[in-house]
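Some notes on the structure that comes next.
We name chains A, B, ... by the order of the sequence lines, and we start the count at 1 in each one. Keep in mind that the numbers below use all heavy atoms, side chains included, and drop hydrogens, waters and symmetry copies.
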Amino acid sequence: GENVEQHPSTLSVQEGDSAVIKCTYSDSASNYFPWYKQELGKRPQLIIDIRSNVGEKKDQRIAVTLNKTAKHFSLHITETQPEDSAVYFCAARSPRGAGTALIFGKGTTLSVSS
Amino acid sequence: EAGVTQSPTHLIKTRGQQATLRCSPISGHTSVYWYQQALGLGLQFLLWYDEGEERNRGNFPPRFSGRQFPNYSSELNVNALELEDSALYLCASSLGGAGVDYGYTFGSGTRLTVV
């Protein structure tokens, strides 16, 4: 089945810097790649997603890139702010067979200091 | 619009007992997913239900089971509880089923503690 690796596990940046989180997936058939943000004590929330027919997607300070050949995708956050501090999860979904649920990476704890 | 609701918020059980967790999806969502979030292990996929049927399950033993009701709500049952079952159990819902890619909306979770 699908396996998603995420790194780094922790990331500390200064306010205003950029942050990059990278994920790799194992199933070449996977075609949907969302990113979730989980603040302390709260539920994970979808922040951006990308489908396999697109190489890059942006939403204000957040962007996601996808390299299907290398089977990896990345989250880029520019001009980081303290409120960006949270755990970020990448995920992938394969349509093989009856389809699968999202498989998540183990998460990256991002700390933004002011 | 009400979000995904889970009950109870907290549950304390003794090793060997059974636990039942409940989830109500967003109105109109037919798919319900269950994940286990244990410290340091991220979100591990447990079960996926759509239109009342189990579509897929993760690498968990058979004592983790569940069902989906005609109103699309779902329950997760964990039998013969073990200490390592202690975790936050998250339910999520989405539109559609197999072959459809939508983001999930998560509930706030049930914190299960096994003593």
Side-chain angles (χ1 to χ4, degrees), chain A residues 1-10 21 23 25 27 29-54 57 59 62 64 66 73 86-109, chain B residues 2-6 9-10 23 25-26 29-51 53-60 66 68 74 76 87-111:
Chain A
E2 176 66 277
N3 183 52
V4 178
E5 300 285 339
Q6 181 173 350
H7 59 94
S9 57
T10 60
I21 302 170
C23 290
Y25 60 97
D27 189 341
S30 288
N31 57 5
Y32 177 62
F33 309 92
W35 287 85
Y36 287 79
K37 175 183 180 182
Q38 186 177 30
E39 297 177 42
L40 191 62
K42 296 189 176 181
R43 69 189 76 189
Q45 292 196 301
L46 176 69
I47 56 172
I48 195 169
D49 58 12
I50 191 168
R51 289 168 175 76
S52 59
N53 59 344
V54 176
K57 184 176 179 180
D59 183 4
I62 293 174
V64 58
L66 172 64
F73 56 114
V87 180
Y88 291 81
F89 293 97
C90 62
R93 180 191 180 280
S94 171
R96 288 191 191 274
T100 67
L102 287 175
I103 301 302
F104 287 82
K106 286 187 166 47
T108 296
T109 300
Chain B
V4 177
T5 58
Q6 291 188 244
T9 305
H10 294 88
C23 172
I26 288 174
H29 285 190
T30 62
S31 275
V32 171
Y33 312 83
W34 288 95
Y35 287 85
Q36 182 193 69
Q37 187 172 29
L39 197 61
L41 295 179
L43 298 164
Q44 294 189 287
F45 168 61
L46 274 164
L47 291 159
W48 168 23
Y49 292 97
D50 181 62
E51 297 286 357
E53 294 190 10
E54 182 182 301
R55 296 294 186 185
N56 213 294
R57 67 179 292 131
N59 295 324
F60 281 83
Q68 186 178 35
S74 175
L76 173 69
L88 180 67
Y89 288 82
L90 290 165
C91 169
S93 72
S94 76
L95 292 167
V100 179
D101 296 313
Y102 297 102
Y104 296 175
T105 300
F106 281 89
S108 295
T110 293
R111 172 73 61 185

[X], part contacting chain A, at a heavy-atom distance under 4.5 Å:
| X | result |
| --- | --- |
| B:Leu43 | both |
| B:Gln44 | neither |
| B:Tyr35 | side chain |

### Task
Could you tell me which portion of A:Gln38 (side chain, backbone, both or neither) has an atom closer than 4.5 angstrom to a non-hydrogen atom of chain B?
side chain
### Task
Measure A:Pro44 against the heavy atoms of chain B and call it side chain, backbone, both or neither at under 4.5 Å.
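The answer is both parts of A:Pro44.
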### Query
If you look at every heavy atom in A:Ala101 and B:Trp48, which pair is closest and at what distance?
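That would be N-CE3, 3.8 Å.
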### Query
What are the two closest non-hydrogen atoms of B:Gly107 and A:Arg43, and how far apart are they?
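Minimum heavy-atom separation between B:Gly107 and A:Arg43: O-CB, 3.3 Å.
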### Query
With under 30° as parallel and over 60° as perpendicular, where do the rings of A:Tyr36 and B:Tyr104 fit, or are they tilted in between?
tilted
### Message
Check this for me: A:Glu2, atom CD, are more than 12 non-hydrogen atoms of other residues, nucleotides or ligands nearer than 6.0 Å?
### Response
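Atom CD in A:Glu2 is crowded, with more than 12 foreign heavy atoms closer than 6.0 Å.
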### Query
Hey, does A:Leu102 have a side-chain heavy atom less than 4.5 Å from the side chain of B:Phe45?
no
### Query
Do B:Gln37 and A:Phe104 come close enough that some side-chain heavy atom pair is under 4.5 Å?
no
